[in-house]
Amino acid sequence: MDKEDRREQLIALGLKAFASQPYDALSIDALAQAAGISKGLLYHYFPTKRDYYVATVREAARVLRRETMAPDSVPPLERLDRGLHAYLAFAERHGAAYLALMRGGGGADRDISRVLDETREELLGRVLSDAPAAHGELRLRLRGWIAFVETTAIEWLEHHKPDRDALVALWKRLFFALVPPE
């Protein structure tokens with residue numbers, strides 16, 4: 001297997017592993033064994049377990065950004081609706097990892113915090129690109145709205161209430177309360 005294919009394989013394995021177990025519970029030995037490689041080879045690609053974790057979080061963020069992106073040809077309201085449904089589907093598909101990360105997995109780690117902030121900024125930028133006037137107060141409101149979406153997604157993953165469509169409708173109602181149409 002060439003170097004890039006092996007790295008992709010290891011990141012895919014890491015996404016599954018970190019989604020099913022907390023970071024502290026996973027050992028490099030177990031991860032290497034699951035990949036069918038030596039621990040030394042895993043360390044060749046990722047010098048530390050933390051480097052491996054950061055790489056998997058970066059990949060998860062990239063997937064989230066890709067999956068929530070709708071083409072520019074789609075009207076803005078439909079892009080918002082598609083993006084919110086895709087966001088919730090992503091959170092559900094990666095439930096344990098999403099919960100661990102959003103509950104503070106990144107708070108103490110500046111690299112993980114940076115990945116989260118970059119992802120939030122990209123999502124915010126998408127919304128602001130459709131906003132008639134992207135001034136400071138609007139940006140502040142939308143940052144708060146993103147935090148609301150993240151927090152209520154956590155609550156929904158734990159209790160599955162309200163139903164999926166009701167949660168997305170709540171997100172949209174709050175969005176339009178914060179960003180009234182002109």
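To the nearest 0.5 angstrom, F18 atom CZ is 9.0 Å from L13 atom CG. Between the OG1 atom of T151 and the CD1 atom of I146 there is a distance of 11.5 Å, given to the nearest 0.5 Å. Residue R120 holds its CZ atom at 8.0 Å from OG of S113, rounded to the nearest 0.5 Å. Remark: L142 CG to L123 CG distance equals 11.5 Å, nearest 0.5 Å.
M69 and W171 sit in two unconnected hydrophobic clusters of ILVMFWY residues. Membership requires side-chain heavy atoms under 4.5 Å apart, directly or through other members. With hydrophobic clusters built from ILVMFWY side chains whose heavy atoms lie under 4.5 angstrom apart, L88 shares a cluster with F176. No chain of hydrophobic side-chain contacts below 4.5 Å, direct or via other Ile, Leu, Val, Met, Phe, Trp or Tyr residues, connects V74 to F175.
Summarising the geometry of R141 relative to L178, their closest heavy-atom pair is NH1-O, 2.5 Å, with the distance given to 0.1 Å. Nearest heavy-atom pair across M102 and Y87 is CE-OH, 4.1 Å. Looking at every heavy atom in both residues, T48 comes nearest to Y43 through CA-CE2, 4.1 Å. Smallest separation of non-hydrogen atoms from Y23 and K49: O-NZ, 2.7 Å. When every heavy atom of A35 is checked against every heavy atom of Q9, the shortest pair comes out as O-NE2, 3.8 Å. Residue P162 comes nearest to L167 through the heavy atom pair CG-N, 3.9 Å, listed as atom of the first residue, atom of the second, then distance.
Side-chain contact between R58 and R62 is absent, with no heavy-atom pair separated by less than 4.5 Å. In this structure, W156 and R164 have side chains that are in contact, with non-hydrogen atoms separated by less than 4.5 Å. Within the 4.5 Å cutoff, side-chain heavy atoms of R82 are placed close to those of P71. Between D111 and Y53 the shortest side-chain heavy-atom distance does not fall below 4.5 Å. In this structure the side chain of L10 reaches within 4.5 angstrom of the side chain of I37, judged on heavy atoms. Residues I28 and L31 meet the side-chain proximity criterion, which asks for heavy atoms closer than 4.5 Å. Put simply, the side chain of V63 reaches to within 4.5 Å of the side chain of E67, judged on heavy atoms.
Environment of CD in Q33: sparse, with no more than 12 heavy atoms of neighbouring residues, nucleotides or ligands closer than 6.0 Å.
Between H94 and F90, the ring-plane angle classifies as tilted under the 30° and 60° cut-offs.
Between E121 and R139, at least one side-chain N (NZ, or NE/NH1/NH2) sits under 4.0 Å from a carboxylate O, which counts as a salt bridge. Using a 4.0 Å cut-off between charged nitrogen and carboxylate oxygen, R7 and E4 do not count as a salt-bridge pair. Between R114 and D117 there is no salt bridge, since no side-chain N of the basic residue sits under 4.0 Å from a carboxylate O of the acidic one.
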Problem set entry | Criterion side-chain contact (heavy atoms from CB on, under 4.5 Å) on E8 and I11, from CA distance to verdict | CA-CA 5 Å; E8 286 178 22; I11 288 174; 5.8 Å; no
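Looking at R126, its side chain never comes within 3.5 Å of a backbone N or O of R79 through a donor-acceptor pair. Side chain of K172 to backbone of L77: no donor-acceptor contact under 3.5 angstrom is found.
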